[in-house]
Amino acid sequence: MAIRVSRTPFVGGNWKMNLTRAGAAELARSTAAAAAGRRVECVVFPPFVYLPDTIAARTADMCVGAQDCSAETQGAFTGQVSAAMLRDIGCCATLIGHSERRHGLGETDALLTKKIARALEAGLTPVLCVGETLAERDAGRAHAVIETQLRGSLAGHSEDALATLVVAYEPVWAIGTGRTATPDDAAEAHRTVRKTLASMYSVRFSEQARVIYGGSVNAKNAADLFAREEIDGGLVGGASLNATDFAAIIAAASSRRT
Ligand code: 13P
């Protein structure tokens with residue numbers, strides 16, 4: 001029997017490698033204002049170098065996450081940033097395994113499971129990204145890919161340790177393409193995520209974890225996506241760079257009935 005739980009909507013703004021220092025600070029302030037009083041957990045993910053300026057604008061309604069963290073704790077890892085450092089400067093979360101890192105930089109599930117460990121040790125909320133490529137979808141393998149990525153990336157972590165886990169389903173073919181998964185397709189993929197979590201852990205865990213959708217979410221399509229019981233919010237790229245559009249997305253998530 002399904003356990004009914006209330007999941008606070010989660011909206012992430014992944015700024016990727018965009019903005020200037022002044023632009024990041026300004027967008028952080030407008031986003032915090034848009035999140036004020038909304039029933040939503042709002043997290044923005046600026047480029048590393050703009051984290052301090054963005055953190056300066058954080059409020060009780062908006063916190064700041066990193067786009068990645070190292071799989072290591074400290075030492076001779078040139079160019080990397082540890083989860084503990086991110087926590088130290090005031091981050092609340094980190095993306096893990098974004099497709100632009102899985103596919104662009106060759107990150108594997110074995111690496112991602114270590115990154116999740118470091119994030120959890122540091123007290124950061126891990127936002128684990130999973131999703132199939134177009135070729136995988138066309139080959140009918142979308143659900144198998146999602147399951148494999150979840151099993152691989154979460155390997156070795158207990159249900160208790162993963163209490164804060166957020167899973168972002170981001171089909172690679174929908175990212176930055178303007179081509180959004182239909183609410184039906186997204187909801188089906190989210191059911192696969194929950195089925196996998198239930199089989200790895202428990203039904204209770206699978207019902208409590210937030211599963212959000214990413215891939216060309218915009219001010220127009222957000223409400224339809226978030227109307228689905230399965231979709232607890234969104235991870236937004238391009239539209240999160242526009243304060244007005246992102247405010248509309250936050251409002252759509254906040255008025256979602258759970
Ligand atoms: P877009 O919203 O630009 O498609 O990006 C989605 C994404 O990758 C969020 O992490």
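When a ligand or atom number is given, it counts from 1 through the structure's own listing order. Every value quoted in this text rests on a predicted model; they were computed, and no experiment measured them.
When every heavy atom of Arg256 is checked against every heavy atom of Asp232, the shortest pair comes out as NH2-OD1, 3.0 Å.
Checked against salt bridge (Lys or Arg N to Asp or Glu O under 4.0 Å), Glu107 has the following partners two or more places apart in sequence or in another chain: Arg101, Lys115.
Between the side chain of Arg87 and the main chain of Glu121, no donor-acceptor pair closer than 3.5 Å is present.
With hydrogens and angles left out, the side-chain atoms of Arg151 and Ser199 include a donor and acceptor closer than 3.5 Å. Glu170 and His98 share a side-chain donor-acceptor pair at under 3.5 Å.
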Could you tell me, for ligand 1, which of its N or O atoms are under 3.5 Å from any protein N or O, listing the pairs and their distances rounded to 0.1 Å?
| residue | atom | partner | partner atom | Å |
| --- | --- | --- | --- | --- |
| ligand 1 | 2 (O) | Ser216 | N | 3.4 |
| ligand 1 | 2 (O) | Gly237 | N | 2.9 |
| ligand 1 | 3 (O) | Gly238 | N | 2.9 |
| ligand 1 | 4 (O) | Gly176 | N | 2.6 |
| ligand 1 | 4 (O) | Ser216 | N | 2.8 |
| ligand 1 | 5 (O) | Lys16 | NZ | 3.2 |
| ligand 1 | 8 (O) | Lys16 | NZ | 2.8 |
| ligand 1 | 8 (O) | His98 | NE2 | 2.8 |
| ligand 1 | 10 (O) | Asn14 | ND2 | 3.0 |
| ligand 1 | 10 (O) | His98 | NE2 | 2.9 |
| ligand 1 | 10 (O) | Glu170 | OE1 | 3.2 |
| ligand 1 | 10 (O) | Glu170 | OE2 | 3.0 |

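Under the 30°/60° scheme for interplanar angles, the aromatic rings of Tyr213 and His190 are found to be tilted.
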